[in-house]
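Hydrogens, waters and symmetry mates play no part in the numbers below; they use all other heavy atoms, side chains included.
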Amino acid sequence: MSEISRNVDFTFSDTVAGRVTAFDGQARVFTLVTADGRFFDVGLDGGPSAELLHNLGEPYQDASGHVDELLTQDAFVIAYGIFYPHGQGLRFEAKRLIFLGRDPEDYRFEEAGWWVRQIKEIAGFYRKAQFGDGPIDFRDYRTEIRLGGDKTASHVQETDTISRLVYGMASAFLLTGEDEYLEVAERGTEYLREHMRFVDTDENVVYWYHGLKVDGDVEKKLFTSEFSDDYDALPAYEQIYALAGPVQTYRVTGDPRIKADADATIRLFDRFYLDPEAGGYFSHIDPILLSPHHASLGPNQGRKNWNSVGDHAPAYLINLYLATGEQKYADMLEYTFDTIVERFPDLKNSPFVQERFHTDWSHDTTHGWQQNRAVVGHNLKIAWNLIRMNSLRQKDAYLETAVSLGETMPEVGSDRQRGGWYDVVERVKAEGEDRFRFAWHDRKAWWQQEQAILAYLILHGVTGRADFRTEARDAQSFYNAFFLDHDEGAVYFNTMASGLPYLLGVERLKGSHSMSMYHSAELCYLAAVYNNLLINGKPMDFWFKPDPALIEDRVLRVSPDLLPAGAVRIAAVEIDGEEHTDFNAQALTVRLPETSGRVKVKVRLEPNARKEVTG
């Protein structure tokens, strides 16, 4: 026994999560096994509170009087309690128990409407936080939103955070058909086009301002980034995420002006960010010559990174392809994913991908805060998006890289005792160390939980592997148990390792440079799609509101995501509340009627066949 182990003679609180293996009702002790196979005896002497997992907008569901009935074999339980010194070891006494459902196979987040209800609550929070109960006026928009939805004094409107809010509202309409959400999305898109968009007619491109500083009636456009990592430059990721909300809105409305903006921004990427010689996209260009090599860029000169190469796909490009079916977008997707599988894995040095590069693709291991560190969520994001891309254009490298990351990441990036996924870790173990060290802390960010959930849901949905389903369930359990803010609404930015919310500094906010509605809404939208349509064999409804006259050939494309060919079909369509039969069930297209003005389209999708779970 080490010196430290012998000296743990004090109490401390923590969380243990796992599946029940035994319960001694008389001794008031149950045993659970964690994700990494460790067994914990959990005492119930103190009469812990117990609850069933509940969603945003649902009341607390007390289960304190039903603990004995719920502690059945293989039931998943999250226990928060106190470790007491006991003999030569420690004894754990539970103070709070969270049950995921009423029996071992009952996970509430797998209910058909769970994620739809959640996105509705989140949308309601941000609608009220930004615009109150009055009309939707984006002049009132604030980047910073406090924990309870109040606005701060800061009045810099960042383009990307507006776009992320727009994305969330468009996604909420897709799942609920609530017109108010679409109104927010469309008004936000118009605001972006009017205030944040610059049309360069000489170069035939569009680029987007960093934001707008508003002082009374005076607006000052902020051309270059104000964020410290990217100061006085045009980072690729800001241009990428400026498209996220408008393009998701385009899926709903088919507004050709949005597509024109997206095409012009893609021309910007290809004209100024693309490296035609070594491949990939540069991360920054300077604001005067629009060059990635200018000395004014400092540490960002001639650099490439995950955001500049990989973020095109999830932010806007997959959704642009889903809305149009145009092969030029599929080709660009293939180009970025080919680059990822060729350049990013670095197995001879680390289980984590390499994320930053010089022009020639040599590794940049000294850049800013990242150094030689891994963002856990980026590894999961790659796995998730490679599986999506493999459904569009199958390649062994896509599937093999995604599966390899899915197999490797839990042991090095997740918390195997408490659940949840970590933030930034060192890519290489320190000499003599057994674990990859945390860069700064062991907190857990909401967006990295999203990447884990979506990665393992789609990995299971496509491969049928039971181990991936277990990872998906564990990740959903931690997120829904700890990230939902039942007091103020929406979701927390960060939690401590134990799951308790971390509410200091920028991480206390519900709106910031890093947080708007994008990741929480994207999670709701795609977790609903994957759980219902890929895994559990349940139908789903989706809503659209196009003007048929503006849709090419009046063909509305309604595929919910890049799913395996033949996985889903259209079961029924309604237009303005009336049955509509002119659709191609397998192609996932609806031919709209010849009519003037917009129509509201409700499409029911259902799985063609349920995927059987295999080992």
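Surrounding CD of Glu326 are more than 12 heavy atoms belonging to other residues, nucleotides or ligands, all under 6.0 Å away. Around the CZ atom of Arg393, the shell of radius 6.0 Å holds more than 12 heavy atoms that belong to other residues, nucleotides or ligands.
Contact check on Asp541 versus Arg604 returns a salt bridge, with a Lys/Arg side-chain nitrogen under 4.0 Å from an Asp/Glu carboxylate oxygen. Between Lys304 and Glu355 there is no salt bridge, since no side-chain nitrogen of the basic residue lies less than 4.0 Å from a carboxylate oxygen of the acidic one. Using a 4.0 Å cut-off between charged nitrogen and carboxylate oxygen, Arg435 and Glu426 do not count as a salt-bridge pair. Salt bridge absent: Asp261 and Arg257 never bring a charged side-chain N and a carboxylate O closer than 4.0 Å. The existence of a salt bridge linking Asp415 and Arg418 is confirmed by a sub-4.0 Å separation between a basic side-chain nitrogen and an acidic carboxylate oxygen.
Asn480 and Tyr107 share no side-chain donor-acceptor pair at under 3.5 Å. At a cut-off of 3.5 Å, with distance as the only test, a side-chain donor of Asp338 or Tyr398 sits close to an acceptor on the other residue. No side-chain donor from either of Tyr422 and Asp442 sits under 3.5 Å from a side-chain acceptor of the other.
Shortest non-hydrogen contact noted between Pro560 and Arg251 is O-NH2, 3.2 Å. The heavy-atom pair separating His284 from Asp230 by the smallest distance is NE2-OD1, 2.8 Å. The two residues Asn349 and Val428 come nearest to each other via the heavy atoms O-CG2, 3.9 Å.
Formation of a donor-acceptor pair under 3.5 Å by the Gln354 side chain with backbone atoms of Arg356 is found in this model. Between the side chain of Thr253 and the backbone N or O of Lys545, no donor-acceptor pair lies under 3.5 Å.
Aromatic ring centroids of Phe282 and Tyr273 lie 6.0 Å or more apart.
The salt bridge (charged side-chain N to carboxylate O under 4.0 Å, His left out) check on Asp582 picks up nothing, with sequence neighbours excluded. Listed by chain and number, the residues in a side chain to side chain donor-acceptor pair (under 3.5 Å) with Arg303 are Asp364 (sequence neighbours excluded).
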Show, in sequence, the C-alpha distance, side-chain angles and deciding distance for Lys395 and Glu334, and conclude whether the salt bridge (Lys or Arg N to Asp or Glu O under 4.0 Å) test is met.
CA-CA 10 Å; Lys395 292 189 178 183; Glu334 184 176 25; 2.8 Å; yes
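The aromatic rings of Phe344 and Phe357 sit perpendicular to each other, their planes meeting at more than 60°, with 30° as the lower class boundary. In this pair, His312 and Tyr281 present their aromatic rings tilted. The plane angle is within the 30 to 60° band.
Looking at His519 and Glu522, their side chains come closer than 4.5 Å, going by heavy atoms from C-beta outward.
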